[in-house]
Amino acid sequence: MKLQLYKTFWGFHGPLSEAFNTVREAEFDGIEAPIPHDPAKRERFAIEVAESGLGLIAEICTAGSYVPERSATIADHLTDLEAKIINGKDLKPRFFNVMAGCDAWSLDQQIDFFSRAVDIADQHDVICSFETHRGRSFFNPWVTRDVVRKVPALKLTCDFSHWVVVSERLMDSEWDTIAELAPHGHHVHGRIGYPQGPQVPHPADPAYADCLASHQRCWEAVWDAQRAQGYQISTLTPECGPDGYTHQIPFTGEQVADIWQMNRWIGDTERVHFLHHDSAFLKRAESSIA
């Protein structure tokens with residue numbers, strides 16, 4: 001299995017050509033970005049992505065942006081999901097990363113929504129990977145677990161940093177739940193959360209080494225499950241971002257670290273981590289056969 005790295009478009013406002021140059025310079029494999037709604041912009045976006053030769057993970061938010069519209073119904077979310085799949089599937093993304101649903105729904109509503117969402121993805125012959133995200137249906141590990149038990153076809157984008165801040169603890173403390181959900185892990189968002197926030201000031205800071213190690217153990221569980229299922233490629237998007245995630249110096253608003261440099265550090269670190277873990281996994285497999 002190989003690891004592919006994608007550059008997030010969250011917080012990026014430059015031209016596509018600049019993003020592609022950055023991706024190539026960092027030796028990443030593609031971009032993770034929303035598909036433009038405007039037809040002319042979408043056509044140009046499609047042409048530039050195709051000409052770049054780089055991979056695309058298409059981002060969808062149902063019924064709102066990162067936080068859902070509180071008044072939106074299940075039907076509203078499903079209609080929006082299908083419309084955005086139709087909008088983007090001609091671009092042939094590797095898959096759709098979907099921030100879906102609402103944290104305030106009951107468990108029965110969550111199960112109803114995701115049962116139908118999976119059917120919509122199947123009808124359009126696309127892969128939808130549903131993100132573990134605050135404000136959305138999969139805002140904590142236990143709701144996610146309970147929905148997945150009822151909708152076992154679900155694929156997850158594992159952003160464990162959200163669960164860390166929601167639960168106010170590192171997620172390897174909930175190992176039974178992580179292990180149960182790992183076989184549903186399709187994609188990883190590589191950001192390091194800590195018990196009081198979704199993003200540490202810098203992932204390389206030794207003060208947060210325990211947080212980094214905890215997230216890495218959880219990512220390893222996903223990778224091991226993917227290998228067992230025959231995945232040839234695992235995808236990871238380093239996702240440090242703006243909007244209050246990157247710490248700022250009081251009064252000046254100056255960011256304490258550069259967002260792209262943090263994401264680049266995560267990408268470089270996880271390349272090495274993945275290779276070491278892959279080697280250890282193969283050795284364990286060989287030993288068990290012997």
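Note that the structure is predicted; figures quoted are calculated from it, not measured. Start at 1 with the first residue, then count along the sequence.
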Salt bridge check: are [X] and [Y] linked by an N-O gap of less than 4.0 Å?
X      : Y      : result
Arg116 : Asp119 : no
Asp103 : Arg134 : no
Asp258 : Arg264 : no

Ignoring hydrogens and geometry, is there a side-chain-to-backbone donor-acceptor pair from Ser52 to Val49 under 3.5 Å?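 Answer holds: yes.
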Answer yes or no: is there a donor N or O on one side and an acceptor on the other, between the side chain of Thr132 and the main chain of Phe138, under 3.5 Å?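 Looks like no, no N/O pair under 3.5 Å.
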Does the side chain of [X] come under 3.5 Å of the side chain of [Y] through a donor N or O and an acceptor N or O?
X      : Y      : result
Glu48  : Ser17  : no
His162 : Arg191 : yes
Ser234 : Gln226 : yes
Thr62  : Asp80  : no
His202 : Tyr208 : no

According to the side-chain hydrogen bond (donor to acceptor under 3.5 Å, both in side chains) rule, which pairs have a member within residues 138-151, sequence neighbours left out?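 Qualifying pairs: Arg149-Glu180.
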Path from Phe95 to Val118 over hydrophobic side-chain contacts below 4.5 Å: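 The answer is no; the residues belong to distinct hydrophobic clusters.
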With side-chain hydrogen bond (donor to acceptor under 3.5 Å, both in side chains) as the criterion, how do Thr73 and Asp76 come out once you've worked through the C-alpha distance, each side chain's angles and the decisive distance to 0.1 Å? CA-CA 5 Å; Thr73 65; Asp76 292 333; 3.1 Å; yes
Between Leu154 and Phe114, what is the shortest heavy-atom contact and its length?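 Leu154 and Phe114 have their closest heavy atoms at CD2-CD2, 3.8 Å.
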List the atom of Val151, the atom of Ile111, and the distance in Å for their closest heavy-atom pair.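 Here Val151 and Ile111 meet closest at CG2-O, 4.0 Å.
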For Phe130 and His186, run ring-ring contact (aromatic ring centres under 6.0 Å, His included): C-alpha distance rounded to whole Å, both residues' side-chain angles, the deciding distance at 0.1 Å, then the answer. CA-CA 9 Å; Phe130 295 93; His186 183 71; over 10 Å; no
Measuring centre to centre across the rings, with the benzene-like ring taken for any Trp, is His189 within less than 6.0 Å of Trp10?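 No - the distance between ring centres of His189 and Trp10 does not fall below the 6.0 Å cut-off.
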Phe160 side chain near Ile178 side chain, heavy-atom distance below 4.5 Å: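 Result yes, sub-4.5 Å side-chain heavy-atom pair found.
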Quick one, His277 with Gln216, criterion side-chain hydrogen bond (donor to acceptor under 3.5 Å, both in side chains). Give me CA distance, side-chain angles, the key distance, then yes/no. CA-CA 10 Å; His277 186 69; Gln216 288 179 322; over 6 Å; no
Before you tell me yes or no, could you show the steps for Thr237 and His187 under side-chain hydrogen bond (donor to acceptor under 3.5 Å, both in side chains), namely the whole-Å CA-CA distance, both residues' side-chain angles and the distance that decides it to 0.1 Å? CA-CA 8 Å; Thr237 300; His187 179 45; 3.2 Å; yes
Going by side chain to side chain contact (heavy atoms under 4.5 Å, CB included), name the residues that satisfy it together with Leu275, two or more places apart in sequence or in a different chain.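 Testing Leu275 for side chain to side chain contact (heavy atoms under 4.5 Å, CB included), a comparison that skips the adjacent residues, returns none.
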